[in-house]
Amino acid sequence: MRGWRLGLTLLLVAAGCAQTPRVVPPAHDEMVVLLPGADGKTGALVVTHAGHQATLDNAYATARVKDPGALERGQADPTAVREAFAPALSAQPPRPVTFTLYFLGDSDNFTPESKVELQKIFPEIAAHPAPEIVVIGHTDRVGTVPYNDGLSLRRADRVRSDLVQLGIPSDRITVAGRGEREPIVATEDEVPEPRNRRVEITVR
Amino acid sequence: MHSKIIVLVALVGIVALTLTAPAGAAAAADVGQIKVAKGTVSIERAKQRMPVTVGTVVQEGDVVITGPDGSAGITFKDDSLLSIGPDSVLAIDRFAFDSTTYAGAFETSLRQGTMAAVSGKIAKGSPDAMRVRTQATILGVRGTEFLVRSGPVAP
């Protein structure tokens, strides 16, 4: 009597087991989160899935595809989302930093203030792993366009040689001169403008 | 005055130490550099897997892959920053950038895993110029910072 019951139980258990390991493809889940920008401004993302479109334009807005065919919108909790993405966020490279140094008129000599400013660039370079340095020279509109192309390049070269002298390998530094094409302050031709006599140095 | 000079000399020393990585043998298609590499990180280029260290250049067509303990951060020539967490696969499908006009195109695919992104000059230049694909979606990037996850359902 007992044996019969045990046998039946085992049979039922075996039948149950046979049904459970169904092969199910792992469900796929995708999520996009818009973050506030470091400068305080939040950008925007346009997310497209299967003919649906969602524009995310406020901080921590999310779009998620869990069931194919549906694009779900939502709002993420800032702390939870930063925790969930912690490894990717902590692998973010340091942000590129740009310095502007100013020059005396028609020369590749720094203004006294910029001589001091130049010293601040070195700690920044040291803080960047495998640093790349981009040096771009500019002029005001005194002088001809070709002359100012040359002057802007001389200014950039001056910065490069100062950096190289301080031990930074020259193959880490890229130099360009843009002449009078990209003024900070727009002026008529032949107007001296100290704010346009500059070199922009980006440490990446 | 003396202490200032000592600080400066020390900093220059640090800079010189961090600059020992070679500057990527003049390959035409260098589009960025690995700035952060933790745990297992590799690049698949022309069907070859190569290990990655800080300073390794990234080229168009590369696929960056992290292991279960890995994460990696890349800085691109337009100042875009992309970083991926563990078990991630990121393909650099296209990168074109004119450093004078800031015009360009930047397309990547996160095939799986997690990514944090900060868009750079390409996205600033034109709203449709930067795109990120996942298996199910296409993201048009109008700026600037965002997160993407693509993978099995999270608990």
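Because only heavy atoms are used, hydrogens play no part in the values below, and waters and symmetry mates are left out as well, while side chains stay in. Lettering follows sequence order; numbering is per chain, from 1.
- The distance from the OG1 atom of B/Thr137 to the CZ atom of A/Arg64 is 13.0 Å, given to the nearest 0.5 Å.
- The shortest non-hydrogen separation linking A/Pro93 to B/Leu81 is O-CD1, 3.7 Å.
- Residue B/Ala123: no heavy atom, backbone or side chain, is found under 4.5 Å from chain A.
- Taking each heavy atom of B/Gly85 and A/Ala88 in turn, the nearest pair found is N-CB, 3.7 Å.
- There is no contact between B/Gln112 and chain A, counting heavy-atom distances below 4.5 Å.
- Between A/Val81 and B/Leu147, the closest side-chain pair of non-hydrogen atoms falls below 4.5 Å.
- If you measure heavy-atom distances from A/Pro68 to chain B, you find no contacts under 4.5 Å at all.
- Using a 4.5 Å heavy-atom threshold, the side chains of B/Arg149 and A/Glu30 count as separate.
- Only the backbone of B/Ile84 comes within contact range of chain A, judged by heavy atoms closer than 4.5 Å.
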Q: Start with the C-alpha distance between B/Arg142 and A/Val46, add both sets of side-chain angles, then the distance that settles side chain to side chain contact (heavy atoms under 4.5 Å, CB included), and finish with yes or no.
A: CA-CA 8 Å; B/Arg142 312 231 159 127; A/Val46 180; 3.5 Å; yes

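- Of all the listed residues (B/Ile34, B/Leu110, B/Val118, B/Asp128), the one sharing the greatest number of non-hydrogen pairs under 4.5 Å with chain A is B/Val118.
- With a threshold of 4.5 angstrom between heavy atoms, A/Thr55 does not approach chain B through any atom at all.
- Heavy atoms of B/Ala136 lying under 4.5 Å from chain A belong to its backbone as well as its side chain.
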Q | Criterion side-chain hydrogen bond (donor to acceptor under 3.5 Å, both in side chains) on B/Ser150 and A/His28, from CA distance to verdict | A | CA-CA 7 Å; B/Ser150 174; A/His28 194 75; 3.3 Å; yes

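- To the nearest 0.5 Å, the span separating OG1 on B/Thr144 from CG on A/Asp39 amounts to 6.0 Å.
- Contact annotation for A/Val47: both backbone and side-chain heavy atoms come within less than 4.5 Å of a heavy atom of chain B.
- When atom types are taken as modelled, the side chain of B/Lys35 and the backbone of A/Ala130 share a donor-acceptor pair closer than 3.5 angstrom.
- Here CG of A/Leu45 is found 9.5 Å from CE of B/Met130. Values are rounded to the nearest 0.5 Å.
- Annotation: A/Glu188, atom CD; neighbour count of heavy atoms from other residues, nucleotides and ligands within 6.0 Å does not exceed 12.
- Using a 4.5 Å heavy-atom threshold, the side chains of B/Lys38 and A/Pro87 count as separate.
- B/Thr134 and A/His49 share no donor-acceptor pair across their side chains, judged by distance under 3.5 Å alone.
- Contacts of A/Gln53 with chain B are absent, with no heavy-atom separation under 4.5 Å from either backbone or side chain.
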Q. Stepwise, does the side chain to side chain contact (heavy atoms under 4.5 Å, CB included) test hold for A/Leu35 with B/Phe146?
A. CA-CA 5 Å; A/Leu35 297 180; B/Phe146 56 98; 5.5 Å; no

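- Heavy-atom distances place both the backbone and the side chain of A/Arg95 under 4.5 Å from chain B.
- With a 4.5 Å cut-off on non-hydrogen atoms, A/Ala127 does not touch chain B at all.
- Although no hydrogens or angles enter the test, the distance criterion places a donor-acceptor pair under 3.5 Å between the side chain of A/Arg204 and the main chain of B/Lys77.
- Interatomic distance, NE2 of A/His128 versus OG1 of B/Thr75, reported as 7.0 Å (0.5 Å rounding).
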